[in-house]
Amino acid sequence: RSGYIKRVPIDTFQPQRRGGRGKKGTATKEDDDLMQIFVATTHHYILCFTDKGRVYKLKAYEVPQTSRQAMGTAIINLIQLEPGEKIAVTLPIKGIEVGGYLVMATRLGEVKRTAVADFQNLRTNGLRAFDIEDNDELCWAALTTGSDDIVMVSHNGMSIRFSENDLRVASRASGGVRGIKLRKGDSLVSMTIADDTKELLVITENGMAKRSEFQEYRLQNRGGSGCKVMSVSAKSGPVVGAVAVCSDDNILIINSAGTATRSAVTEFQVRGRNTKGVIAVKLDEGTTVASVTVIGNLDDSSDEED
């Protein structure tokens with residue numbers, strides 16, 4: 001969260017059985033923790049979105065490769081962030097010419113859709129991608145085809161599924177509209193693309209996880225309160241992430257101390273939408289789950305994988 005970035009070979013993290021403690025994924029400064037991990041090739045672009053709604057572009061090979069234990073490089077050495085900005089989300093993409101749309105969402109459930117083509121002329125000092133309200137921040141971005149369904153998941157275990165066509169195609173500099181109606185004290189923790197051939201894997205702060213079929217999440221109108229995605233309790237803690245998975249995927253769970261655990265998706269049984277999870281990772285006292293990402297098949301296996 002302090003703005004360090006690195007890349008390591010994907011085979012650095014070998015699969016383990018569900019419920020293990022994992023191994024150190026990165027060094028962090030005191031009062032810092034790991035925010036995000038993703039899979040890309042060295043030929044991918046990385047779109048870096050800030051909490052203030054700007055977007056910057058990197059080539060993946062421009063990020064220095066380091067060891068598993070290293071802290072990495074300060075991202076301000078790679079892109080020209082404006083004062084007070086922090087990177088909030090990173091999105092690997094094959095090229096700006098891929099077509100389709102970027103759907104972006106904020107912590108308070110605002111969402112917008114903009115054509116990828118609007119980001120072709122990304123400068124070194126970035127471009128405005130989202131007009132953010134003063135008390136909000138940009139946290140998620142995903143590529144869509146124009147006919148996808150969006151699933152948003154909240155901290156308190158609520159979710160909503162709606163068609164991306166409920167969102168008008170907005171200009172880069174515009175603000176968003178309500179994606180999910182959040183109760184007082186709740187916030188968004190995930191936005192992902194629905195795929196009825198896959199399942200939604202949900203993980204909580206205390207390391208409980210489960211997967212459920214996307215068909216269980218009925219299509220609703222944008223802006224509603226949605227339905228439960230998981231039965232949360234004091235034992236499980238609130239939801240911290242949700243990702244679309246298939247049976248041959250692995251997931252990589254990172255805790256707040258930077259320890260990584262890689263597990264096969266098949267370690268988690270498919271359960272009903274409003275059910276409890278199982279222990280996905282053991283956590284030391286004072287640590288929580290920070291993020292979860294999917295390790296699946298990359299689009300082009302001929303590329304160098306990192």
Side-chain angles (χ1 to χ4, degrees), residues 1 5 34-40 45-57 85-93 100-116 118-119 126-133 135-145 148-164 166-167 169-170 172 174-182 186-195 198 200-205 214 217 222-223 226 229 238-245 251-252 254 289-294:
R1 295 186 187 276
I5 186 171
L34 200 61
M35 182 180 73
Q36 189 179 5
I37 189 166
F38 59 89
V39 179
Y45 288 99
I46 304 171
L47 298 184
C48 301
F49 296 84
T50 73
D51 54 348
K52 305 299 183 183
R54 293 184 68 80
V55 60
Y56 300 81
K57 181 178 68 175
E85 280 188 318
K86 291 184 178 181
I87 299 299
V89 62
T90 49
L91 180 68
I93 182 174
Y101 301 88
L102 277 171
V103 174
M104 296 159 279
T106 72
R107 181 76 62 189
L108 297 183
E110 295 286 298
V111 64
K112 70 172 280 190
R113 180 170 67 139
T114 301
V116 173
D118 287 3
F119 296 90
L127 287 174
R128 173 69 64 185
F130 202 125
D131 185 18
I132 304 292
E133 299 291 332
N135 62 338
D136 204 356
E137 58 182 326
L138 182 64
C139 292
W140 294 274
L143 284 170
T144 64
T145 63
D148 290 319
D149 289 350
I150 309 299
V151 175
M152 304 176 85
V153 178
S154 84
H155 191 64
N156 291 343
M158 299 300 293
S159 67
I160 191 168
R161 175 177 178 169
F162 59 88
S163 170
E164 70 168 289
D166 286 355
L167 302 168
V169 180
R172 275 193 306 100
S174 68
V177 294
R178 179 185 287 175
I180 183 171
K181 184 178 181 181
L182 298 170
D186 201 2
S187 60
L188 201 66
V189 298
S190 175
M191 181 193 74
T192 190
I193 307 303
D195 184 340
K198 298 184 178 183
L200 184 69
L201 187 141
V202 181
I203 191 164
T204 70
E205 188 175 84
F214 271 110
Y217 302 88
R222 174 187 59 80
V229 70
V239 175
V240 295
V243 289
V245 297
I251 58 168
L252 196 62
I254 302 289
V289 172
S291 67
V292 59
T293 194
V294 180

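Side-chain atoms are counted along with the backbone in the values below, which use heavy atoms only and exclude waters and symmetry mates. The structure presented is a predicted model; accordingly, all values stated were derived computationally and were not measured.
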Just list the side-chain donor-acceptor pairs under 3.5 Å for residues 135-144, sequence neighbours left out, or say none.
residue : atom : partner : partner atom : Å
D136    : OD1  : T106    : OG1          : 3.4
D136    : OD1  : R107    : N            : 3.3
D136    : OD1  : L108    : N            : 3.1
D136    : OD2  : T106    : OG1          : 2.5
W140    : NE1  : V189    : O            : 3.4
T144    : OG1  : E164    : OE1          : 3.0
T144    : OG1  : E164    : OE2          : 3.3

_Any non-hydrogen side-chain atom of L252 less than 4.5 Å from a side-chain atom of V39?_
no
*Drop me the distance from N156's CG to D186's CG, to the nearest 0.5 angstrom.*
3.5 Å
_So that I can tick it off, tell me whether D149 and R161 are bridged by a salt bridge, with the cut-off set at under 4.0 angstrom between side-chain N and carboxylate O._
yes
*asked:* One pair to check against side-chain contact (heavy atoms from CB on, under 4.5 Å): K57 and L47. What are the steps and the verdict?
replied: CA-CA 5 Å; K57 181 178 68 175; L47 298 184; 4.3 Å; yes
*asked:* Once side chain to side chain contact (heavy atoms under 4.5 Å, CB included) is applied, do any residues pair with V243, and if so which ones, sequence neighbours excluded?
replied: L201, V245, V292, V294
*Between the main-chain N or O of G241 and the side-chain N or O of S190, is there a donor-acceptor pair closer than 3.5 Å?*
no
*Are any side-chain N or O atoms of R222 and backbone N or O atoms of R178, one a donor and one an acceptor, separated by less than 3.5 Å?*
yes
*Any L91 side-chain heavy atom under 4.5 Å of F38 side chain*: no
*With sequence neighbours excluded, tell me which residues meet side chain to side chain contact (heavy atoms under 4.5 Å, CB included) with D131.*
none
*Using the side-chain contact (heavy atoms from CB on, under 4.5 Å) rule, take V177 and V111 through it: C-alpha gap first, then chi angles, then the decisive distance, then the call.*
CA-CA 5 Å; V177 294; V111 64; 4.3 Å; yes
*Just how far is it from atom CG of D148 to atom CG of D195, taken to the nearest 0.5 Å?*
8.5 Å
_NZ or CZ of R113 within 45° of Y101 ring axis and under 6.0 Å_ = yes
*Got a second to check how far S163's OG is from I150's CD1, nearest 0.5 Å?*
8.0 Å
*NZ of K181: more than 12 outside heavy atoms within 6.0 angstrom?*
no
_Whether K112 side chain and R172 backbone form a donor-acceptor pair below 3.5 Å_ = yes
